[in-house]
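Ligands are counted one by one from 1 in listed order, and the atoms in each one are counted from 1 as well.
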Amino acid sequence: MNNSIIIKVAVAAPLFSLFDYLPAETTLATQLLPGCRVRVPFGRGKRIGVIWEICDHDDTTPPAHRLKVIEEILDAIPLLDEKERHFLSWCAGYYHHPIGEVVSAALPTRLRQSKQPSATLEQGWRVTGNNLSLHDFRSAPVQQRILQRLLDAKQGISDKQLTTLDGNIRPALKRLQQKGAIEQCDMAPAPPSCSGKRVTLSQEQQHAVDEIHAASGFSTLLLDGITGSGKTEVYLHAADQVISRGHQVLVLVPEIALTPQLLRRFQRGVAGIVAISHSALGSGDRERSWMQAQKGEVDLLIGTRSAIFTPMPRLGLIIIDEEHDISFKQQEGFRYSARDLAVMKAKQHNIPIVLGSATPSLETLHNSLKDRYQWLKLRQRPGKAKPPQIGLVDIRAQRLRAGICSDLIKSIREEVDKDHQVILFLNRRGYAPQLTCHACGWIAECRDCDARMTWHQKLQRLWCHHCGYQHAKPERCPDCGATDSMIYQGQGTERVEEYLGEVFPDIQVIRIDRDSTRRKGSLEKALHQVNESDACILVGTQMLAKGHDFPRVTLVGILNADQGLLNPDFRAPERTAQLLLQVSGRAGRADKPGKVLIQTRHPRDPLLQTLLHKGYEAFSREELTQRQHAQLPPFAHQALIRAEGIDSKKVQEFLQFSISQAPQLLPHIELWGPTPALIERKAGVYRWHLLL
Ligand code: ADP
Ligand code: ZN
Ligand code: ZN
């Protein structure tokens, strides 16, 4: 091949530039396509990269004899089209992250290596035409069971589904295949299962759908709707219209909101093929969704933050649900905000994007107030459902048991007596956040962090929530040697669960937090249990706050709202208000009226007062005014330089050095620090900050 060509490759390496290579002599020009993966020599080894550009030699490029040759072209068809490459280049520039690492992070795990993309069709099994009767398999019950299932589903069943059957499935499948009873087949993606049944939209909802429909080209719309106002219905209608015009839709949701419940709503609500992508999915399934979307085989992709990097050639609409949620931020490695990237992607594709929330972020509200975003409001719950009544319970001078005051217990009893359900919210898992020696005051602290260990009763272990370090409860106090002197202080969800079990022995208490849902499928099981039971009490962390629709919940109790009120972070009031309203929103979603009780020792706190009496919009306007006075984001930009190391002195010295350099490099910038992080030592590493 002619030697005047240079190939610029985004190589997976922590370096900021593209790297120049030559094509192999045997390579044809038609094989050199931007967006295809290649294997290239790099340093002393080999790396995978993606062809980014193909250019001619000129005086800016190094002479050909100094360039290495591409070893292998891995794809015949580009994985990343031009729009996607343009998007990723922008991401790398905006976040100052090496382009090769950005590209690598955007690809499914297997495709970061030299593996070939797997087929987009799932593998399955079906019965052959051979006339075999179940009776012939009576001595092999596993085979018989499989055959029974396959006879009931002539179009086949996916391999994955079959392997969830009881018994030793793999060898049984092999035997059945050898006997000629079954054969492997490709499974078509699940066909649209839109039931066609639709709610009649309220006037507010219809207006929102019409405005989204009318948006031509790039525009950002804020769908600001109280919890339960029917935002999801608006998404479904808007998505369905876009799909019927032949375009694809990308829906991003927070990590923990992606419940099977929500997936089913989308599957039933739009006349198109729906795929899903999130971190709990196996890497094979994620790659399949990615490839299906990339080939245009699916109409709607619903996923968590990393789904923003799925190329979608027919993209026509992006929807971000709960746009204020912090799980849209990737906080390590290639750090990004999927919400902000989604707005840029919509701009590059020249399509509308909808940001939905009951409690929009202040950045988004600011943009809406400035008319950069179109502000659509849903202020009513459809049908008979009314927004819940929110009240404060002053717990000063009250006797608490497991952190619950007697007024709240009384209210719980009233509701469960009427066969209603109750949610108690406590943002702390485990049994007790502190284990103390009653004799001398010793406190169980983590070996590697400046933090206390949490006692977990079920596990019978002390557990550091910051670094994961665990150990058993000491038999005698490490300080004074006393035995039987350990007491638990404070409460987590386990302790609340235990106490409620004692007070309400006849009522089912269901705990939902990261510990109780660690096993795959256990969250679904718990949610199912809630929907199946009459009266019950749910105890949980913020996992309970979003996305779930519990129609029979009439009372929500918030146990430790004060935790958020006392946090010094400038975003803490915003986060606290969002969390309180999201949790409150779980009450009274169907025809029964809902009530929310917030336990507090600061009933006069201005945040609580504004939220209760004037609502989130008034709160957020006040908060924005305060941010403006203090010149905080979104009225000014901030950057944080974080230094970490095992030697605290060196960490501080580095930041002092940064300060000494700053005036020349950044003349108009204010510097704060260095200050230690909230938890200075974490997992044995010292962390200090410098705020610009
Ligand atoms: P959000 O996403 O704003 O929290 P949802 O879309 O989940 O709200 O709606 C809350 C409940 O109200 C759901 O059970 C939904 O089916 C129902 N709902 C939504 N819109 C309507 C409507 N126009 N008529 C009747 N019920 C509706
Ligand atoms: Zn002691
Ligand atoms: Zn620790």
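Heavy atoms of S202 come nearer than 4.0 angstrom to ligand 1 in at least one pair.
Annotation: atom 1 (P) of ligand 1 to nearest protein heavy atom, K231 N, 3.5 Å. Counting protein heavy atoms only, atom 20 (N) of ligand 1 is closest to Q205 NE2, 3.0 Å. For atom 17 (C) of ligand 1, the closest non-hydrogen atom on the protein side is P382 CG, 4.4 Å. Ranking the protein heavy atoms by distance from atom 10 (C) of ligand 1 puts G228 O, 3.7 Å first. At the top of the distance list for atom 13 (C) of ligand 1, counting protein heavy atoms only, stands D549 OD2, 3.6 Å.
Below 4.0 Å from some heavy atom of T200 lie the following atoms of ligand 1, by number and element: 22 (C), 23 (N), 24 (N). Near G230, meaning under 4.0 Å from any of its heavy atoms, are these atoms of ligand 1: 1 (P), 3 (O), 5 (P), 6 (O), 8 (O), 9 (O), 19 (C). Heavy-atom contacts of S229 reach the following atoms of ligand 1: 3 (O), 8 (O) (cutoff under 4.0 Å).
In the model, E617 has no side-chain atom that pairs as donor or acceptor with a side-chain atom of S620 under 3.5 Å. Side-chain atoms of R245 and H213 include a donor-acceptor pair closer than 3.5 Å. Checking Q330 against S306 by side-chain atom types alone, no donor-acceptor pair falls below 3.5 Å. Using modelled atom types and a 3.5 Å distance limit, the side chains of D647 and Y686 yield no donor-acceptor pair. Looking at N427 and T541, their side chains never bring a donor and an acceptor atom within 3.5 Å of each other.
Among the candidates I212, I351, I353, the single residue satisfying the side-chain contact (heavy atoms from CB on, under 4.5 Å) test with L317 is I212. Of the listed residues (H324, R339, Q578), just one forms a side chain to side chain donor-acceptor pair (under 3.5 Å) with S361, and that residue is R339.
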| request: May I have the step-by-step check of side-chain contact (heavy atoms from CB on, under 4.5 Å) for Q491 and R428, ending in yes or no? | output: CA-CA 8 Å; Q491 49 276 320; R428 193 176 264 152; 5.9 Å; no
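The number of protein N/O/S atoms found under 2.8 Å from the Zn ion (ligand 3) is 4.
With a 6.0 Å radius and a threshold of 12 heavy atoms from other residues, nucleotides or ligands, E475 has its CD atom at or below the threshold.
Remark: R495 is not positioned above the aromatic ring of W455, lacking an NZ or CZ atom under 6.0 angstrom from the ring centre and at most 45 degrees off the axis. Figure legend: R305 and F328 shown without cation-pi pairing, the cationic atom not lying both under 6.0 angstrom from the six-membered ring centre and within 45 degrees of its axis.
Looking at R681 and D450, a side-chain N of the basic residue comes within less than 4.0 Å of a carboxylate O on the acidic one, giving a salt bridge.
In R381, neither the side chain nor the backbone holds a heavy atom less than 4.0 Å from any atom of ligand 1. Contacts between V199 and ligand 1, counted as non-hydrogen atom pairs separated by less than 4.0 Å, involve the side chain only.
Among the backbone and side-chain atoms of H438, none of the N, O or S atoms lies under 2.8 Å from the Zn ion (ligand 2).
Counting heavy atoms only, R265 comes closest to atom 7 (O) of ligand 1 of the residues E233, R265, Q582.
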